[in-house]
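Taking it in order: structure first as structure tokens, then the write-up.
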Amino acid sequence: MKKTLRFLLAFLIAFILMLVVRTAGITLYTVSDAVLEPVFAAGDRVLVNRWSYGLKVGGKGSFFGYGRIVRQSVEKGDLIAFENPKDTRQVLIGRIAALPGDSVSHDGQMFIVPGLNDCADADYYWLEAVDSHVLGMIAEEYIIGRVSMIAYSRDPQQPIWKGWRHSRLFLPL
């Protein structure tokens with residue numbers, strides 16, 4: 001009985017630690033299609049550091065509102081994972097092309113990326129996809145964290161025992 005109880009306690013502690021690390025530390029996301037080539041391939045599992053810009057708490061519809069614990073600045077050129085504002089269950093990847101206050105030219109028009117210093121409701125960032133096509137502006141509250149590396153990759157068209165891309169194992173970005 002003692003061994004079973006000890007095992008269950010160890011399992012419970014490991015499970016709680018896994019939840020804490022996954023929700024507050026690092027998370028794996030799957031790249032579902034090949035639109036982000038040549039940097040990413042369909043089936044890549046990318047590691048996202050949730051602490052890179054400060055731990056996100058709250059958000060749209062949250063009782064406490066949006067905030068970040070130990071806030072860090074977002075830098076131009078950072079590769080980020082962010083929630084799709086239209087469907088927050090969908091995670092996308094983009095590169096920061098302009099910071100709040102920067103001038104951006106798009107479709108022949110110049111405009112300034114708004115930020116809190118410009119009396120906007122939030123800091124916004126101008127994003128491009130990895131292949132340099134424009135994704136547009138995103139509010140800071142949708143940013144999950146910085147994409148750190150490709151943890152592993154498997155071709156989704158192959159059976160589970162085939163298609164592992166060993167050359168993409170722990171590939172830093």
Side-chain angles (χ1 to χ4, degrees), residues 13-62 64-100 113 122-173:
I13 290 170
F15 182 75
I16 290 170
L17 282 173
M18 184 264 318
L19 283 178
V20 167
V21 167
R22 182 151 166 101
T23 58
I26 53 174
T27 305
L28 282 172
Y29 290 106
T30 302
V31 175
S32 58
D33 52 30
V35 297
L36 298 174
E37 287 184 343
V39 177
F40 298 107
D44 283 353
R45 295 283 287 193
V46 295
L47 192 68
V48 176
N49 179 354
R50 290 179 168 268
W51 277 98
S52 55
Y53 306 118
L55 182 63
K56 178 182 162 183
V57 290
K60 289 251 190 252
S62 172
F64 295 108
Y66 163 75
R68 292 216 180 243
I69 299 171
V70 191
R71 185 184 174 113
Q72 304 284 326
S73 61
V74 178
E75 301 294 326
K76 202 179 285 189
D78 285 354
L79 200 57
I80 64 163
F82 64 98
E83 298 167 344
N84 182 347
K86 296 176 183 156
D87 179 8
T88 55
R89 294 172 296 175
Q90 183 183 25
V91 175
L92 304 170
I93 296 173
R95 185 176 309 280
I96 301 289
L99 304 172
V113 179
D123 278 336
Y124 287 83
Y125 299 90
W126 187 258
L127 297 178
E128 292 179 348
V130 177
D131 64 0
S132 296
H133 76 268
V134 173
L135 294 174
M137 272 193 281
I138 188 82
E140 182 181 297
E141 68 184 88
Y142 293 105
I143 296 175
I144 297 169
R146 184 180 298 124
V147 178
S148 303
M149 72 170 43
I150 298 172
Y152 63 93
S153 183
R154 193 185 72 75
D155 185 349
Q157 305 299 323
Q158 297 288 326
I160 190 79
W161 58 90
K162 287 186 177 181
W164 294 96
R165 300 177 184 124
H166 302 288
S167 63
R168 299 182 71 77
L169 186 65
F170 298 117
L171 187 65
L173 298 172

For a 4.5 angstrom cut-off between non-hydrogen side-chain atoms, does [X] reach [Y]?
X      : Y     : result
Arg165 : Asp44 : yes
Ile96  : Glu75 : no
Glu140 : Arg71 : yes
Val91  : Asn84 : no
Leu173 : Phe40 : yes
Ile93  : Val48 : no
Leu28  : Val46 : no

For the atom pair [atom1] ([X]) and [atom2] ([Y]), what is the distance rounded to the nearest 0.5 Å?
X      : Y      : atom1 : atom2 : value
Arg154 : Ile160 : CZ    : CD1   : 4.0 Å
Lys86  : Tyr142 : NZ    : OH    : 11.0 Å
Ser153 : Arg168 : OG    : CZ    : 5.5 Å
Gln72  : Tyr53  : CD    : OH    : 10.0 Å
Leu127 : Ile143 : CG    : CD1   : 7.0 Å
Met149 : Leu169 : CE    : CG    : 9.5 Å

Taking only residues two or more places apart in sequence or in another chain, which ones pass ring pair (Phe, Tyr, Trp, His ring centres under 6.0 Å) with Tyr152? Trp164
Write down the atom of Ala42, the atom of Pro156, and the distance for their closest heavy-atom approach. O-CD, 3.4 Å
Heavy-atom closest contact (Val147 atom, Ala81 atom, distance): CG2-N, 3.7 Å
Starting from the C-alpha separation in whole Å, work towards a yes-or-no answer on side-chain hydrogen bond (donor to acceptor under 3.5 Å, both in side chains) for Asp78 and Tyr125. CA-CA 11 Å; Asp78 285 354; Tyr125 299 90; over 6 Å; no
